[in-house]
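For the single chain, residues carry numbers from 1 onward in sequence order. Both counts, for ligands and for their atoms, begin at 1 and track the order of listing.
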Amino acid sequence: MNIVANWSYPTAIKLGRGRIKELADACKTLGLKKPLLVTDRGLASMAITGHALDVLDEAGLGRSIFSEVDPNPNETNLEAGVKVYRDGGHDGVVAFGGGSGLDLGKLIAFMAGQTRPVWDFEDIGDWWTRADASKIAPIVAVPTTAGTGSEVGRAGVLTNSQTHVKKIIFHPKLLPGVVICDPELTMGMPKAITAGTGMDAFAHCLEAYSSPFYHPMSGGIALEGMRLVKEFLPRAFKDGTDLEARTNMMSAAAMGAVAFQKGLGAIHSLSHPIGAVYNTHHGMTNAVVMPPVLRFNRPAIEEKIGRAAAYLGIAGGFDGFYDYVLSLRAELGVPQNLSAMGIKPDRIDELTAMAIEDPSCGGNPVPMTLENTRALFLDCF
Ligand SMILES: [Fe+2]
């Protein structure tokens with residue numbers, strides 16, 4: 001089945017195979033004449049990136065690229081990108097890639113016209129109103145993985161290279177004006193990345209669904225996002241060229257990110273410090289800590305997860321759902337626990353302190369304290 005769709009929620013989304021050929025039109029829609037394509041170093045030399053630059057070039061938009069982007073982008077990458085953007089006289093950004101390329105691309109567009117340091121725009125209270133919104137450049141987003149959902153998000157994650165802490169930078173205008181979701185761009189993903197990014201999408205849906213905040217719209221999106229992952233992630237993992245599965249995983253990823261404005265939780269607040277300290281893959285780390293977090297949250301979410309299980313066609317309520325997560329992890333080759341990931345518990349107090357500081361912490365259904373979070377970490381080893 002060849003899926004093609006044009007959506008306007010939460011932004012303009014062009015979904016379907018081969019639609020990268022509409023990249024130049026997307027730029028022109030936003031008034032861009034000289035876009036800067038931002039991606040990570042690994043993607044810079046890949047054929048899909050060359051092809052995207054060809055599409056821009058053939059339409060007279062040039063083929064400017066910035067790719068000095070680390071796997072966990074930091075303020076040094078951002079400053080270098082902003083300099084290239086300003087020196088090149090660009091008028092917008094094509095954010096191209098997985099989480100790193102998308103987030104840094106969005107942040108370059110955001111910071112290109114600001115005068116305050118980026119940390120002044122952390123997602124705290126109304127700090128975003130400090131930004132001069134009129135100076136934020138237009139963004140076209142092109143995801144090449146199916147997990148982060150950053151293509152439909154109003155935030156970007158930036159790691160402080162001094163403290164290794166990940167900060168969320170927020171502004172409503174960080175939401176890209178046009179998104180191109182072309183499943184053919186995700187076909188070359190290695191199996192482990194398909195698994196890890198797919199489990200990130202699942203974690204977004206699960207945590208958004210489980211969070212205690214009242215937001216039924218997001219709850220519904222999260223539920224259907226989990227269903228898409230259940231049906232299509234094993235297929236995409238088994239056969240990377242299964243375009244129907246790849247397309248549905250792109251939808252699930254976008255849905256997870258739309259849903260998590262309802263909140264995230266302990267999976268992410270544990271995974272963020274582990275990733276920051278040990279450079280582990282974000283989605284894979286989420287998958288590793290997911291079962292202990294489900295056990296931790298059980299008293300608060302048992303009934304709710306029972307309803308999700310029923311919708312997903314899983315028998316046995318919470319226990320059935322829990323067993324399903326274990327079997328999905330096994331099918332995707334997810335490490336059993338943090339020890340199997342090669343991590344030792346020697347920095348557990350530091351990780352616990354960082355987890356409590358993480359913004360995702362507040363959305364967890366069971367309130368997180370230093371004591372219970374330390375115990376939860378131990379349970380993950
Ligand atoms: Fe995530």
Side-chain angles (χ1 to χ4, degrees), residues 10 40 71-73 95 97-104 106-107 123 141 143-159 165-170 174-175 186 189 192-211 218 221-222 225-226 228-229 233 249-294 297 325 328-329 332 334 338 341 351 354-355 357-364 368 380:
D40 62 67
N72 290 307
S100 335
L102 290 174
D103 278 10
L104 200 80
K106 287 163 62 178
L107 290 174
D123 188 13
T144 61
T145 66
T148 163
S150 177
E151 65 274 13
V152 293
R154 302 172 299 167
V157 179
L158 195 68
T159 300
V165 175
K166 289 187 172 192
K167 297 284 186 187
I168 297 172
I169 309 301
F170 171 85
L174 274 171
L175 179 69
T186 70
M189 260 195 289
I193 306 294
T194 298
T197 50
M199 287 305 282
D200 190 27
F202 189 77
H204 294 157
C205 292
L206 172 61
E207 294 216 282
Y209 178 76
S210 304
S211 93
S218 289
I221 290 169
M226 282 193 271
L228 290 180
V229 173
L233 179 54
M249 280 309 299
M250 292 199 105
S251 296
M255 291 165 79
V258 169
F260 77 58
Q261 60 183 279
K262 183 172 178 292
L264 287 171
I267 293 174
H268 276 78
S269 52
L270 263 58
S271 168
H272 285 151
I274 297 165
V277 173
Y278 297 101
N279 260 315
T280 54
H281 185 271
H282 170 68
M284 203 51 109
T285 315
N286 289 343
V288 168
V289 303
M290 194 175 284
V293 170
L294 277 170
N297 284 332
V325 168
L328 176 64
R329 290 190 346 153
L332 300 175
V334 174
L338 291 179
M341 263 193 138
L351 293 174
M354 288 167 83
E357 287 290 309
D358 191 89
S360 312
C361 176
N364 199 62
M368 294 169 73
C380 296

Asks: Give a yes-or-no answer on whether the side chains of D358 and H268 include a donor-acceptor pair shorter than 3.5 Å.
Replies: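 Side chains of D358 and H268: no pair found under 3.5 Å.
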
Asks: Which protein N, O or S atoms lie under 2.8 Å from the Fe ion (ligand 1)?
Replies: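 Result, waters dropped: D200 OD1, H204 NE2, H268 NE2, H282 NE2.
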
Asks: Under a 3.5 Å distance rule, please check whether D123 uses its side chain to pair with a backbone N or O of I168 as donor and acceptor.
Replies: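 No.
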
Asks: Determine whether M284 and M341 make a side-chain contact, defined as any pair of heavy atoms from C-beta on separated by less than 4.5 Å.
Replies: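 In short, these two side chains touch, coming nearer than 4.5 Å.
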
Asks: Mind checking the CG-CG spacing from L294 to L206? Nearest 0.5 Å is all I need.
Replies: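 It is 5.5 Å, given to the nearest 0.5 Å.
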
Asks: I want to check something: taking the side chain as every heavy atom from C-beta on, are S360 and E207 in contact at a cut-off of under 4.5 Å?
Replies: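 No, too far: nothing below the 4.5 Å cut-off.
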
Asks: For T197, which residues count as a side chain to side chain donor-acceptor pair (under 3.5 Å) partner, sequence neighbours excluded?
Replies: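 Side chain to side chain donor-acceptor pair (under 3.5 Å) list for T197, sorted by chain: empty.
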
